[in-house]
2 protein chains.
Amino acid sequence: MERLDRVIFYSLDKTIKTYRQFAQKRFFEQGFDITIDQWLVLNAIYEKPGITQLEIAGKVFKDTASVTRIIDLLIKKELLKRDVHSSDRRRFTLEITPVGTKLMTKIIHVVEKNREIALQGISDKDLILMKETLNHIIDNCKQVL
Amino acid sequence: MERLDRVIFYSLDKTIKTYRQFAQKRFFEQGFDITIDQWLVLNAIYEKPGITQLEIAGKVFKDTASVTRIIDLLIKKELLKRDVHSSDRRRFTLEITPVGTKLMTKIIHVVEKNREIALQGISDKDLILMKETLNHIIDNCKQVL
DNA sequence: TATCAATTATTGATATGTCAACTAAATTAA
DNA sequence: TTAATTTAGTTGACATATCAATAATTGATA
């Protein structure tokens, strides 16, 4: 067996990539023409209307440059509308279009099902334990960052 | 508290991103002008001389297009050399240069230290448990892929 | 052996990640 | 109130991910 410390990061990487591929495939299969990342950003706005791009970036662990570009694409797809903010002209008001809202209400079922499939057979206890270990790793890395 | 199934993928994403940032920062800080992904590819060759690009892709969970491009950069950095394979002309023989070898023997200490820092305070038992849970998720997703 | 299929790798297009430089606007301080 | 600082967001450059199309070569088969 390989060394544990090495295998862990290997497994982490593989898990994220496999889950993303899986989730993306299911989006397309069910007819949703949207990437996982675009969904993440759209969802952040859906859950908190009036959210700023900076807040979105923090919420989905992306930098503001990525958020800007993803928002551009969401607008091109007519799922989102961008208007200048009434009181702070550095900011934008991001508003999900009716088409975007419809997509969100439909795609949530795929999202929930994806999570269910990916986690089936895994106990809450194991998930909680894993979450704690993951958070521990994050804290360890953050101390140096 | 948010729903567990949701939080888990959130934590996974955050962990990978934080660890990558942390590891990359330490590469640069210690004077190694190489990205994490370039290191992964170079390491695959280092550990298995004569490896094909297809095998590298499998080993580091990248597709062959990414591997091709990363190899291009490694060659530009003069850490790697690419020659036609003697018996199969579809393939290439990838050879790490002396400069590349030197880098690899030095950077391994940073890599080991990174893992040590990231995992400090976490028991082997918890790591093994996490690995099993991660593998379970991978298997669940693969069934659908 | 001529053809067809499989294998290995590259390339183009598009999306995203990361860093740095930049603009514009708002806030704070002198 | 002017000047400096901070904040919000954009843009360019480069690295990587993913998909599809392609090229070259090899292997299988009819």
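Just so it is clear: chains get the letters A, B, ... in the order the sequence lines come, proteins before strands, and each one is counted from 1.
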Can you measure [X] atom [atom1] to [N] atom [atom2] for me and round it to whole angstrom units?
X     : N      : atom1 : atom2 : value
B:I71 : D:dA15 : CD1   : P     : 15 Å
A:K17 : C:dG17 : NZ    : P     : 13 Å
B:D33 : C:dC19 : CG    : P     : 14 Å
A:D88 : C:dT23 : CG    : P     : 19 Å
A:I56 : D:dT10 : CD1   : C1'   : 15 Å
B:D63 : C:dT11 : CG    : P     : 14 Å
A:L73 : D:dT18 : CG    : P     : 17 Å
A:D72 : C:dT14 : CG    : P     : 15 Å

So does [X] get a side-chain nitrogen or oxygen closer than 4.0 Å to the phosphate oxygens (OP1/OP2) of [N]?
X     : N      : result
A:S66 : C:dG17 : yes
A:T68 : D:dG9  : no
B:Q53 : C:dT10 : yes
B:R69 : C:dA13 : no
A:R20 : C:dT16 : no
B:Q38 : D:dT16 : yes

Between [options], which nucleotide has the shortest distance from any of its atoms to the side chain of [X]?
X     : options                : value
B:T35 : C:dT16, C:dG17, D:dA15 : D:dA15
B:R89 : D:dT25, C:dT16, C:dG17 : D:dT25
A:A65 : D:dT11, D:dA8, C:dG12  : D:dT11
B:R90 : D:dT18, C:dT10, D:dA24 : D:dA24

Side-chain donor or acceptor of [X] paired with backbone N/O of [Y] under 3.5 Å:
X     : Y     : answer
A:K17 : B:F61 : yes
A:K77 : A:D33 : yes
A:T97 : A:E78 : yes

task: Tell me which of B:D37 and A:F28 sits closer to the 5' end of DNA chain D, going by the nucleotide each one is nearest to.
output: B:D37

task: Using heavy atoms to find the nearest nucleotide of DNA chain D for B:T64 and B:K77 separately, return the residue whose nucleotide is more 5′.
output: B:K77

field: Salt-bridge present (B:E55, B:K59; N to O < 4.0 Å)
entry: no

- request: Let me know, please, whether B:Q21 or A:I70 comes out on the 5' side of the other along DNA chain C by nearest nucleotide.
  value: A:I70

query: In Watson-Crick or G-U wobble terms, both distances under 3.5 Å, what is the partner of D:dA30?
result: C:dT1

- prompt: Under 30°, 30 to 60°, or over 60°: which ring-plane class applies to A:Y19 and B:F9, parallel, tilted or perpendicular?
  reply: parallel

task: State plainly whether one hydrophobic cluster holds both A:L129 and B:M130, where clusters connect Ile, Leu, Val, Met, Phe, Trp and Tyr through side-chain heavy atoms under 4.5 angstrom apart.
output: no

